[in-house]
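Worksheet for the structure shown next.
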Amino acid sequence: MILDKVNSPDDLKKLTTQELKQLASELRDYIISVVEKTGGHLASSLGVVELTIALLKVFSPPKDEIVWDVGHQSYPYKILTDRKEKFKTLRQFGGISGFPSIKESPYDAFGTGHSSTSISAALGIKVGKRLKGEEGHVIAVIGDGALTAGEAYEGLNNAGQLKEDLIVILNDNEMSISKNIGAISNYLTKLTTGESLRRAKERLEEVTKKIFGDTFYKGLKRVEDLIVKGLFPPGMLFEELGFRYVGPIDGHDIETLVTTLRNVSKMRGPTLVHVLTKKGKGHKPAEERPDKFHGVSPKKLLSEPQPPTYTEVFSKTLVEMAEKDSSIVAITAAMPSGTGLDRFAARFPERYFDVGIAEQHAVTFAAGLAKKGLRPVVAIYSTFLQRAYDQIIHDVALQELPVTFAIDRAGLVGEDGATHHGAFDLSYLRVVPNLVVAAPKDEEELRHLLYTAVYSGRPFAVRYPRGRGYGVTLREPLKKIPIGSWEVLREGGDLLILATGWTVYQALEAARELSAEGIEATVVNARFIKPLDEKLLKELALKHSTVITVEENAVKGGFGSAVNEFLAPWYNGRVFNLGLPDKFIEHGSQALLRKLVKIDKDGIKESVREILGIIKK
């Protein structure tokens with residue numbers, strides 16, 4: 001097998017075109033075989049196999065620095081650099097990340113777990129190389145919808161101004177810009193990037209300016225732009241931003257890719273290469289349903305019915321509400337399936353809005369809808385909502401507009417790791433005035449909190465975890481939960497446990513098992529992080545000398561901090577906060593990570609014993 005012989009980019013450079021094509025086939029088979037076991041982003045990586053091979057054939061990382069955006073396209077790159085054998089540990093605890101990581105390999109130029117950052121980062125790297133006198137190209141590969149976000153255009157604008165020798169490759173897999181391809185297109189691309197033509201144009205520029213001056217040359221250049229670049233409408237935008245536009249070219253034609261990249265590598269100034277690929281290429285199910293094979297879970301045989309996921313419960317509940325209320329609208333930032341809004345979109349297409357990877361716009365757009373009397377629900381993963389923090393504060397909360405934030409993937413999400421853990425939303429949201437923040441203890445309470453949020457008339461955030469619920473009964477009808485109210489689930493005299501979100505049942509079960517050891521705990525479902533149930537908290541705190549808070553959020557600034565702030569002026573007992581430590585947590589299964597940070601049942605029991613000085617021998 002060709003893949004067996006490739007252990008570094010240097011090995012790949014020795015291969016013939018035919019061998020490179022064989023390598024592409026073997027690489028796809030290897031990726032599919034591993035991802036079937038580990039889970040991961042399959043379709044996106046399958047789509048860039050030939051592009052990755054061509055990049056490594058022409059360029060020489062780490063001297064030449066390649067930034068992948070979005071980073072889940074980097075599987076072929078990881079395999080062909082220095083992680084072929086390690087790839088089998090993809091997204092497993094202690095194994096390699098599903099995204100580029102500068103801590104993992106010198107071949108990874110920049111960490112890209114969130115989208116649309118590559119051009120800005122690559123431009124910074126390129127300027128840094130120039131200022132330090134370092135040689136080497138810098139290439140940003142942006143695709144999978146990442147060009148819909150504002151930061152990408154900010155980077156393009158600045159790169160066009162600075163005129164650095166930056167190469168941007170637009171991986172167009174019909175998730176961003178789409179154009180037809182063909183032999184003529186590929187031929188024209190080879191022609192316009194060829195070295196002889198490039199030198200001729202540079203010589204013509206030099207002579208024309210010398211004889212006729214800059215003004216005449218600019219007019220001549222404009223004619224060239226209108227004739228040549230006008231044939232390819234996508235190029236007009238990039239040319240106006242100061243980029244030389246090349247393409248579109250077939251992203252699965254290795255020979256054309258190699259020729260084009262070699263020619264582009266000799267160009268000066270910012271250049272954008274438009275490459276057309278097919279997401280899921282080489283795996284028919286992924287080609288036909290790239291959305292379903294964007295991220296896949298490991299194959300598992302389920303012997304019995306499983307509870308619904310929180311996402312599924314949110315989705316069904318929102319549709320149920322929208323059936324009765326035409327003012328409810330839903331917004332997502334390029335994640336209809338992940339957030340569960342695909343169901344809403346199918347039922348109410350005129351009230352559903354996918355704004356692309358543009359979280360900032362999504363929030364302000366929702367604010368505008370709310371201003372006109374609609375009831376917008378913005379469904380965004382916790383880690384991605386961070387990107388719209390200013391809009392949450394300035395456009396929603398400050399104006400007290402009734403926008404509901406459905407925050408999926410709150411807490412530890414598992415194998416996607418540090419870039420995707422929803423570790424900070426309680427911390428960054430609870431400091432915002434006018435904003436209500438809540439977390440359901442189970443999937444049934446999620447339904448009622450969503451109903452409460454939509455009809456509260458206030459800015460309202462409901463955060464819930466990734467994965468399946470506890471399997472509780474989903475009761476009807478929907479009801480409003482008094483804002484700021486907690487519920488006592490169990491009473492005991494030794495200590496008070498205040499838990500929120502997913503940790504509530506863990507704390508309750510821990511308390512039941514501790515009871516057998518003679519430790520009696522009061523357990524409270526602190527479903528509102530803001531406002532706190534101050535009346536109940538004061539009443540219960542006065543009855544207990546020890547208070548423990550538990551949350552699936554960073555301890556610093558989170559729910560526990562809110563409790564500490566309230567108790568500090570008058571409480572004489574001891575307060576302990578359990579949650580995520582002050583560090584970025586790596587990838588691994590949700591169950592394992594929750595166990596490691598001690599917020600699951602066993603971890604809570606262990607912490608209680610330590611706190612009470614009853615360490616089990």
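Nothing fancy with the numbering, it's 1 onward along the sequence.
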Legend entry - Stepwise side chain to side chain contact (heavy atoms under 4.5 Å, CB included) check, Asn171 with Gln73: CA-CA 10 Å; Asn171 170 30; Gln73 302 175 91; 2.5 Å; yes
Inset, instruction - Given side chain to side chain contact (heavy atoms under 4.5 Å, CB included), test His448 with Thr317 step by step and report yes or no. - result: CA-CA 9 Å; His448 302 303; Thr317 304; over 6 Å; no
Inset, instruction - List the steps, then state whether salt bridge (Lys or Arg N to Asp or Glu O under 4.0 Å) holds for Glu487 with Lys441. - result: CA-CA 11 Å; Glu487 63 174 347; Lys441 69 179 184 296; 2.9 Å; yes
Inset, instruction - Mind running side chain to side chain donor-acceptor pair (under 3.5 Å) on Thr383 and His114 for me, showing each step along the way? - result: CA-CA 9 Å; Thr383 185; His114 288 188; 2.8 Å; yes
Inset, instruction - Given side chain to side chain contact (heavy atoms under 4.5 Å, CB included), test Phe576 with Thr549 step by step and report yes or no. - result: CA-CA 6 Å; Phe576 300 89; Thr549 66; over 6 Å; no
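For Trp486 (side chain) and Leu537 (main-chain N/O), no donor-acceptor pair under 3.5 Å exists by modelled atom type. Judged purely by atom type and a 3.5 angstrom limit, Arg458 has no side-chain atom pairing as donor or acceptor with the backbone of Ala397.
Atom-to-atom distance recorded for Thr332:OG1 and Asp354:CG is 5.5 Å, nearest 0.5 angstrom. To the nearest 0.5 Å, the span separating CG on Leu596 from CZ on Phe93 amounts to 5.0 Å. Separation of atoms CZ (Arg409) and CE (Met335) is listed at 6.5 Å; rounding is to 0.5 Å. Atom-to-atom distance recorded for Gln386:CD and Glu359:CD is 10.0 Å, nearest 0.5 angstrom. With rounding to the nearest 0.5 Å, the separation of NE2 in His587 from OG1 in Thr38 is 10.0 Å. Here the OH-CG distance, from Tyr389 to Asp425, works out to 11.0 Å after rounding to the nearest 0.5 Å.
The closest side-chain donor-acceptor pair between Asp390 and Gln360, if any, does not fall under 3.5 angstrom. Side chain to side chain, His544 and Thr522 meet the donor-acceptor criterion of an N or O pair below 3.5 Å. In this structure, a donor-acceptor pair under 3.5 Å is absent between the side chains of Arg468 and Thr309. A donor-acceptor contact under 3.5 angstrom links the side chains of Arg343 and Ser315, judged on distance only. Counting only N and O atoms by type, the side chains of Arg594 and Thr503 include no donor and acceptor under 3.5 Å apart. The closest side-chain donor-acceptor pair between Thr339 and Asp408, if any, does not fall under 3.5 angstrom. Residues Tyr352 and Asp342 bring no donor and acceptor atom of their side chains to less than 3.5 Å of each other. The closest side-chain donor-acceptor pair between Glu445 and Asn525 falls under 3.5 angstrom. With no hydrogens or angles considered, no side-chain donor-acceptor pair links Asp533 and Ser485 at under 3.5 Å. Side-chain contact check for Tyr464 and Trp502: no donor-acceptor pair (N or O, by modelled atom type) lies under 3.5 Å.
The two residues Ala388 and Val363 come nearest to each other via the heavy atoms CB-CG2, 3.7 Å. The nearest pair of heavy atoms linking Ala362 to Ile331 is CB-CG2, 3.9 Å. Smallest separation of non-hydrogen atoms from Arg466 and Gln590: O-NE2, 3.2 Å.
Checked against the 6.0 Å centroid criterion, the rings of Phe584 and His421 do not qualify as a close aromatic pair. The aromatic ring centres of Phe424 and Tyr428 sit 6.0 Å or more apart. Within the 6.0 Å centre-distance limit, the rings of His420 and Phe99 are counted as a close aromatic pair. In this structure, Tyr455 has its ring center closer than 6.0 angstrom to the ring center of Tyr451.
Electrostatic pairing of Arg430 and Glu565 counts as a salt bridge here, judged by a charged N lying under 4.0 Å from a carboxylate O. Using a 4.0 Å cut-off between a side-chain N of Lys or Arg and a carboxylate O of Asp or Glu, Arg447 and Glu476 qualify as a salt bridge. At a threshold of 4.0 Å, the pair Glu323-Arg347 counts as salt-bridged, since one of the basic side-chain nitrogens sits closer than that to a carboxylate oxygen.
For the pair Ile483 and Phe460, the minimum side-chain heavy-atom distance is below 4.5 Å. A heavy-atom distance below 4.5 Å is found between the side chains of Asp69 and Ser115.
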